[in-house]
Each structure stands twice: as C-alpha cells, then as structure tokens.
Amino acid sequence: MALAPEEFLKDKLSPDAFSKLIRLQNQKLLEFISEFIKRCNPASVFVCTDDTEDIEYIRKCSLQNGEEKALAISGHTVHFDNYFDQARDKNHTAILLPDGRKLDEKISTMDRATGLADVQGIMQNIMKGKEMIVRFFCLGPNASPFSIPAVQITDSAYVAHSEDLLYRPGYREFLRLGNSARFFKFIHSQGELDERHTCKNLDQRRVYIDLEEETVYSANTQYGGNSIGLKKLAMRLAIHRASKEGWLTEHMLIMAIHGPAGRSTYFTGAFPSLCGKTSTAMLEGETIVGDDIAYLHKNDGEVRAVNVEKGIFGIIMGINSKDDPIQWNALHSPNEVIFSNILVTSELNAYWVGKDAEMPQKGENHSGEWWKGKQDNAGREIPASHPNARFTISLDTMQNLDKAAHDPAGVPISGIVYGGRDADTSVPVEEAFHWNHGIVIKGAALESETTAATLGKEGVRQFNPMSNLDFLSISIGNYVRINLDFGKDLKKFPTIFAVNYFLLDENGKFLNEKNDKKVWYRWMELRVNGEVETIETPTGRIPRYEDLKALFRSILDKDYTQSDYTKQFTVRIPENLSKIERIVDIYNDILDTPEEIFKELAAQKDRLQTAQKKYGDYITPQQLS
Ligand code: SPV
Ligand code: MN
C-alpha cells in the first residue's frame with residue numbers, strides 16, 4: 001500500500017525540511033509535494049521558509065550551479081536562457097480543459113487528460129540527481145483579502161531567486177491560513193542543461209495550465225515568462241478564479257500620478273508586452289505600485305487594486321540615463337539585480353542595446369561568445385542583447401515606490417488606461433465617453449503589433465483585448481462580459497482612457513518622444529479631477545491644445561507647437577473605420593460576444609461616418625472645437 005503523504009515525506013526529507021512542511025498543517029500541500037517528489041525523483045529537497053538564511057541559500061545555489069554569474073557591481077548577477085528560449089512560447093502553452101471543451105480559437109487549449117499525460121510523462125524522473133526547491137509566496141500584499149497563497153516547486157535556483165525579488169513571502173501566510181489556504185500550485189523543471197547551463201530539450205518544452213486543480217506545469221524552459229510560476233502562469237489561474245468570484249485579474253500597471261497641491265491619483269494601465277508598461281510605471285516624478293499584474297476588487301462601489309507582485313521583470317532594451325533615470329540608477333547601484341540575456345563584457349559589466357554607453361566589441365550574450373557582426377545560422381546579425389533581455393529587481397529599495405504599495409486594502413483607482421502598439425489609427429491620448437464605451441472600444445477592441453516578448457514574427461497587427469489575450473483562461477466573450485459587469489454597481493467610476501505611444505506620421509516617423517507620456521498622464525490626472533475641458537471627437541474626448549502646451553512647458557520644458565498637436569490629434573477616419581470592420585469580424589466569430597460590444601462598435605461607426613460626411617477623412621481638432 002502507498003504510504004500516506006506524511007509518512008512518505010518523513011522518510012524522504014531531512015528532519016529540517018520535514019518539520020518546515022509539517023508546521024504548515026496543510027494536508028493538500030503535503031499531498032501535492034509528495035506527488036511531485038515521487039514523479040520528479042529529486043536527489044534532495046530544500047524547503048525554503050521566509051527566513052533570511054533560507055533565501056541566502058537559494059542565492060548561493062544559483063551562483064554555485066552556474067545558473068547565474070556574479071557581475072562587477074555587488075549584488076548583480078546575469079542569467080542566460082537558451083538562444084531559442086528567449087520569450088514566452090505560445091505554441092507549447094495550453095489551458096487544459098476536460099472532455100474536449102474548448103475556448104475561442106485564439107486561446108490555446110488542450111484536452112486535460114491528454115495534456116496531463118504528456119507533461120507528467122515528461123516530468124517523470126526529470127529532477128534525477130538534482131535538488132528540488134519548495135518555496136511559498138503570497139500573490140498580493142500579505143494578510144490581504146485580495147491575496148492568494150502559492151507554492152512553487154522548481155529545480156531552478158534562478159527561478160526561485162527571481163521569485164524572491166518579485167513576490168511577497170508566503171511561508172508565514174501558509175502558517176496563518178493552515179488547512180483553509182486556497183492556494184495555487186506551480187511545478188517547474190528546467191530539465192537537462194547544456195554546458196552553458198541552458199535548457200537542452202526545448203522540443204519537450206511545455207507550459208500547461210490545469211484550471212481544475214489550480215496547478216501549472218512548466219518543463220524544459222528557463223525563460224521567466226514560461227518558468228516563473230507566480231507570474232504569467234498564476235495570472236491564468238487567477239483570471240479563471242476571478243471570473244467565478246466577480247473580480248478582475250488584469251495585465252496592468254498601477255501607479256500614482258502626482259497632481260497639483262500634493263494630490264495623488266491612482267491609475268491602472270494595460271499594455272501588451274514591450275509596449276512601454278514598465279517605463280510608464282517608472283515615470284519620473286510619479287510613484288509606482290506595480291508594473292505588470294493587478295487584482296481589482298469592488299469595495300463599497302469603488303474600484304481598488306493591488307499589485308500581485310513586489311518587483312519588476314522589466315525589458316532592458318532602450319533604458320538610458322536621460323529618459324529612464326530611475327531604472328538607470330537601479331541598474332547601476334549595488335542592489336540585488338538579476339540581468340537576463342544582456343551582453344556581459346570581460347570586465348563583468350552589463351551592456352544592452354539602447355544603453356547610452358559605448359558598445360563593447362565583444363563579450364558573452366544569449367548566443368554564447370559574442371563579437372560585433374556575429375551572425376546566426378540564417379545569416380542575420382545577432383544584436384548585443386536580445387530585444388526581450390530583462391532585469392529583475394525588487395521594488396522595496398526604490399525611492400519611487402508608492403507609500404501604499406503594500407496596503408492590504410489596495411489603492412483606489414480613478415483612471416484606467418489601455419494602450420497598444422498602433423502605428424496609424426489612435427490619437428496619443430483620449431478619454432472614453434463612458435464605462436461601456438471604454439471597456440469595448442478602448443479595451444476589448446485593442447490591437448497591437450506583436451513584439452519580441454513572444455516567440456514568432458514581430459510587427460504583425462494583432463487583436464489583443466485588454467492586452468490580456470495571451471493570458472486568458474476563459475472565453476473572450478465571457479472575459480469582456482465580466483469587465484462590462486464590473487461597472488454595473490459602481491458608485492465611483494474610474495474614467496477610462498486610451499493612449500498610443502507609437503503613432504507614426506506619413507513618413508513613418510514617431511509623432512511623439514518617449515517622455516511625452518509624462519504629459520499625457522498629468523493631463524489625465526487633471527481630467528479625472530475635473531480641472532481641464534476636452535474636445536469631443538467621434539472616437540472620444542481629446543485634450544485642448546492650450547492645456548497640453550502648458551503641461552509640455554511645465555513638465556518637459558518643451559515648446560509644443562500647434563502643428564505637432566494637429567498632426568498627433570487629427571482623427572483618422574478611414575483607419576478607424578477599418579479597425580471597426582476588423583474587430584466586428586472577430587467578435588462575429590466569437591460565440592458568446594456580449595451584445596454591448598456590437599452596440600458600442602456600431603455607435604462608434606455611426607459617429608465616424610457622420611463626421612466623415614461633414615468633414616472628410618481627416619478631421620483636425622480645430623475643426624471640432
Ligand atoms: C510580458 O511579456 O508581458 C512580461 C514578461 O511581463 S513575461 O513574464 O514573459 O510575461
Ligand atoms: Mn507582462
């Protein structure tokens with residue numbers, strides 16, 4: 001007869017590891033851990049509590065086993081993922097659903113029994129000869145009604161180390177909750193490694209999300225977006241759980257914009273990966289709550305949000321001393337930083353594309369030994385750093401951390417911003433007419449060009465509702481319906497906005513500079529507080545020239561010309577109408593599209609066509625004011 005989990009663990013673990021687990025008094029947890037010890041067959045098991053010496057042990061392991069290397073600045077390390085493991089692998093990520101159930105064709109699903117057999121087979125003995133690490137975290141602030149406890153099993157010290165910087169500790173959370181903890185479970189193995197300590201068996205790379213057991217399996221990958229359970233893997237579980245409980249899990253930053261007279265106004269912002277989310281959350285002069293994932297609850301008719309994380313796994317490309325002073329300083333100070341897939345020089349300094357420093361001629365990067373001009377097998381030049389190269393830091397040491405960042409009650413949200421990578425359609429900043437207009441036209445109709453954050457072709461315009469498509473574990477129709485319903489019994493509506501940092505002129509030149517977004521956010525802050533008027537266009541409400549001119553002067557000390565304003569804020573009717581056609585086609589193919597979506601799209605089309613008859617294809621703000 002098989003041993004009970006407790007007996008099995010007592011036999012298998014060191015007395016220290018065993019007592020750490022038993023103290024938590026959680027039967028389900030013991031079952032989960034023993035199941036995967038049996039399956040993965042590690043040589044030893046390390047149970048990590050919230051104590052400093054345990055965390056220090058993980059740090060040490062990631063250096064000793066070669067997953068990370070120390071750099072010149074104290075606390076800085078570098079990790080490399082395999083050359084072909086540099087981003088989220090959508091093709092091998094699937095939501096497991098029982099009995100042949102499917103979601104929309106844009107969401108990758110797989111029969112649950114088939115998926116489990118596949119990944120459990122792959123994980124058989126996968127940790128042979130290795131140490132298994134068991135870690136506990138809390139998704140959201142500690143002791144908060146928002147938060148979800150989680151357990152991570154991994155054989156990668158790099159993953160466990162990254163999570164330490166990114167998530168709040170959870171061992172005490174499990175202790176507090178005992179058997180009542182409703183926790184998420186993550187099981188990861190990097191599998192066999194090559195001589196560079198990167199994954200060898202990429203053909204067996206899998207990320208499978210089992211909603212029924214709230215468990216995610218990740219195998220034969222190291223890239224954070226595939227391996228760090230608490231990040232996008234937990235997000236998929238949380239979207240599913242939230243959909244049953246009437247709250248929202250969103251791909252959103254949370255930040256305070258600081259208005260006149262010391263006023264702080266909190267915003268969330270949803271952007272697809274590599275579209276300026278972290279740099280927005282890190283805007284100089286403002287304070288950050290989070291840069292990637294938010295849980296939103298309704299409390300007394302008001303929207304409140306928490307950052308699920310407490311650190312940043314941010315894109316490093318383009319970070320420079322002038323535009324990004326906060327990140328620049330963090331990346332040059334002796335704090336704990338894990339760089340991934342950057343270029344490391346022989347002096348153990350970090351370099352990345354877009355850094356305002358002299359580019360080294362050689363070094364080590366994601367392709368191994370690198371020199372300027374090195375080409376890949378297809379004859380393409382390999383850049384010094386991968387476009388999806390990242391840095392991992394904790395927010396706790398950062399001066400721009402908002403004072404309410406760890407508040408268990410969350411922060412009150414006054415504005416919600418949606419933005420994508422859009423070359424030709426939307427104006428730089430615009431307010432929605434009302435909740436449903438915002439949710440549908442700014443959120444559910446969002447399109448963005450694909451980027452290096454996922455494997456595959458870049459620059460392809462893609463439908464990406466609420467910037468959350470990659471992480472949906474429920475149908476698109478249901479997801480949008482839940483967002484619409486979220487507005488139903490609100491007493492205080494957050495205002496919904498759309499921004500577009502990527503608008504081009506007729507010569508393909510960006511119409512805005514990177515830091516112009518400072519102005520858009522300060523304008524939104526004034527708007528939410530009723531301090532500026534707008535001009536009504538067929539697609540929403542846009543700023544007046546005078547208000548922007550004053551803000552450009554006071555914030556950026558920049559002369560903002562009428563002609564810049566006109567180019568940026570001209571309503572592009574043909575482009576907007578084509579977008580509506582594309583989006584209507586998509587929602588026509590979705591079985592459970594809420595009626596409100598078609599209603600808002602039809603109303604927007606009608607406004608655009610009426611304006612087109614009156615003014616022609618391109619309408620300047622002056623014509624409408
Ligand atoms: C994103 O791609 O949206 C990220 C990084 O935030 S990842 O962990 O890959 O999802
Ligand atoms: Mn993200």
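Atoms within a ligand are numbered from 1 in the order they appear, just like the ligands themselves. Counting from 1, the numbers follow the sequence of the chain as shown.
- The backbone N or O of Ser426 sits less than 3.5 Å from a side-chain atom of Asp422, completing a donor-acceptor pair.
- Remark: aromatic rings of Tyr587 and Phe463 are close, center separation under 6.0 Å.
- One N or O on the side chain of Ser218 and one on the backbone of Asn226 form a donor-acceptor pair closer than 3.5 Å.
- Within a 6.0 Å sphere centred on CD of Glu245, other residues, nucleotides and ligands contribute more than 12 heavy atoms.
- Between Thr287 atom OG1 and Asp402 atom CG the span is 3.5 Å, to the nearest 0.5 Å.
- A ring-centre distance under 6.0 Å is not found for Phe339 and His79.
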Ligand 1 polar-atom proximity to protein (N/O, under 3.5 Å):
| unit_1 | atom_1 | unit_2 | atom_2 | d |
| --- | --- | --- | --- | --- |
| ligand 1 | 2 (O) | Arg88 | NE | 3.4 |
| ligand 1 | 2 (O) | Arg88 | NH2 | 2.9 |
| ligand 1 | 2 (O) | Ser273 | OG | 2.7 |
| ligand 1 | 3 (O) | Lys232 | NZ | 3.1 |
| ligand 1 | 3 (O) | His251 | NE2 | 3.2 |
| ligand 1 | 3 (O) | Ser273 | OG | 2.5 |
| ligand 1 | 6 (O) | Lys232 | NZ | 2.7 |
| ligand 1 | 6 (O) | Asp292 | OD1 | 3.4 |
| ligand 1 | 6 (O) | Asp292 | OD2 | 3.1 |
| ligand 1 | 9 (O) | Arg88 | NE | 3.4 |
| ligand 1 | 9 (O) | Tyr223 | OH | 2.7 |
| ligand 1 | 10 (O) | Arg88 | NE | 3.0 |
| ligand 1 | 10 (O) | Lys232 | NZ | 3.0 |

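- Nearest N/O/S atom of Asp292 with respect to the Mn ion (ligand 2) is recorded as OD1.
- If you look at Phe313 and Phe391, their ring centroids are not closer than 6.0 Å.
- Atoms NZ of Lys232 and NE2 of His251, as seen from the Mn ion (ligand 2), are separated by an angle of 100°, to the nearest 10°.
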